[in-house]
Amino acid sequence: MSWAEAIKKKINTPTLANRSGNKIRTAGIYEAQNRFRQAVHEEADKLPRYAGVDHNGRPIVGREGTMFTRGEVNAWDKKDALEQITYASSQMGKVRGAALRKASELSQTEKEALLSLAYSKNQEDRLKFAQKPISIVYDRLDYVGFTDDVLQRMDIGQGAVPYVEHDVNVPAVVVAEDAKTIKTSITGNRTYFEEFRLTSLVTADVGEIAQRAYSIIDRIFEKVPRQIALEEDRLLLKAMYNASGIKNTPITFTTLNKATMDQFALMIERHRLDAEKFILNRADFSDIRTSIRADEFDPITSRDMFVSGYMGTYYGYKLYVTAGIDEDGVTNETVPAGHVFVAGGPRFVGYQGIRIPLDVYPADQFVNGEFSYGWAYFTLRGLIISNPRAVAFGIRSSTSVASWLL
């Protein structure tokens, strides 16, 4: 069953409000992940093979068939595979965006049925409508973001005081409860989470009822994941940037080559920790293609690269490449060009504490004098870099540090 068909099938399902709170949040998440993965794969299978550039520097595609066959990249050798996935990384936004649009393709009748829930005067009906994107949002957080790969997840029970044990010889870094301030001088043998909120408010004017404007469906499916995922990943990178200078020295580089990457890894490995992940922008990934031998890079030849952003392994280091949140024409880059972040294994870096997984609450605006329905998406969590030794940062010499990292 395709993801779109599953959404259609659930239009008339019994209200989720009859289930326990925990089941409401988790219902269908794993099923949605598998369905969305399938949708991404289907779109990736349409991607044409890359055949170099023309005399104007424009990519030549479409002359040699598709890039993937039965889920594996069509390549002559490792060098060609590297060329193919480098081009694929520049197309990630299009592939993921097309998969999302495909998932939300509903007929007018089906949209009418779904929209009737959104505009019902019954608050329970509107909650049923708003719950539908939650599993989609969770899936997009997994495949767009990398926070879950960098940090250990810690579920925080109701009433529990959230803390982690950490090395007393190094300060911890904590995201403050305003979700903006980074505290970098937390000492002692225990570090307590300061829990913050990630929110997204979606509203729809009552006047759209008469107009039958179906854009509300697309608005929720697009706005919520983009807002939540972008904010979550940027908070992680902001914490990593502030942690990287506590025990390690930021590196300035001109080219991201083998020697430079070894410098990054050494910052972490000199503390007897393993450097595991490089997180970089698509523009900086180009250096790897041009400055190292292809046989030194072990590419991911599966189309799964579109799901995770994981491009391959270079001397044992995993490379995660981001070209921004997956929406055509939008340049909201998670990792700014010229910035490189390096992390050790999750058990050495830190924790992501989850008090309230993503949930939705009615947020009608009538009391504010506005004739619009509203849905407030909300999650309560904390973020700690418990061992700054396991984090390193570098910046290209011609680049200034992005203002939102400071």
Under a 4.5 Å cut-off applied to non-hydrogen side-chain atoms, are [X] and [Y] in contact?
X: Asp287; Y: Arg396; result: yes
X: Leu319; Y: Met261; result: yes
X: Ile182; Y: Val175; result: yes
X: Phe348; Y: Glu276; result: no
X: Gln84; Y: Asn74; result: no
X: Val73; Y: Phe68; result: yes
X: Val335; Y: Tyr320; result: no

Original post:
Which one of Tyr241, Phe393, Phe278 satisfies the ring pair (Phe, Tyr, Trp, His ring centres under 6.0 Å) criterion with Phe341?
Top reply: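 By the ring pair (Phe, Tyr, Trp, His ring centres under 6.0 Å) criterion, Phe341 pairs with just one of Tyr241, Phe393, Phe278: Phe393.
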
Original post:
Residues two or more places apart in sequence or in another chain: which of them pass side-chain hydrogen bond (donor to acceptor under 3.5 Å, both in side chains) with Asp77?
Top reply: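 For Asp77 there are no side-chain hydrogen bond (donor to acceptor under 3.5 Å, both in side chains) partners, ignoring immediate neighbours.
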
Original post:
Stepwise, does the salt bridge (Lys or Arg N to Asp or Glu O under 4.0 Å) test hold for Asp149 with Lys277?
Top reply: CA-CA 9 Å; Asp149 287 341; Lys277 302 178 184 72; over 6 Å; no

Is a donor on one side and an acceptor on the other found under 3.5 Å between the side chain of [X] and the backbone of [Y]?
X: Glu194; Y: Glu177; result: yes
X: Thr252; Y: Ser397; result: no
X: Arg153; Y: Gly353; result: no

Original post:
Can you check side-chain hydrogen bond (donor to acceptor under 3.5 Å, both in side chains) on Arg197 and Thr199, steps first, answer last?
Top reply: CA-CA 6 Å; Arg197 298 180 180 87; Thr199 62; over 6 Å; no

Side-chain donor/acceptor pairs under 3.5 Å, residues 265-274, sequence neighbours excluded:
residue : atom : partner : partner atom : Å
Glu269  : OE2  : Tyr317  : OH           : 3.1
Arg270  : NE   : Met267  : O            : 3.2
Arg270  : NH2  : Lys247  : O            : 2.9
Arg270  : NH2  : Asn248  : OD1          : 3.0
His271  : NE2  : Asn248  : OD1          : 2.9

**OP:** Step by step, work out the salt bridge (Lys or Arg N to Asp or Glu O under 4.0 Å) result for Lys46 and Glu43.
**Re:** CA-CA 5 Å; Lys46 301 175 185 177; Glu43 293 303 315; 3.2 Å; yes

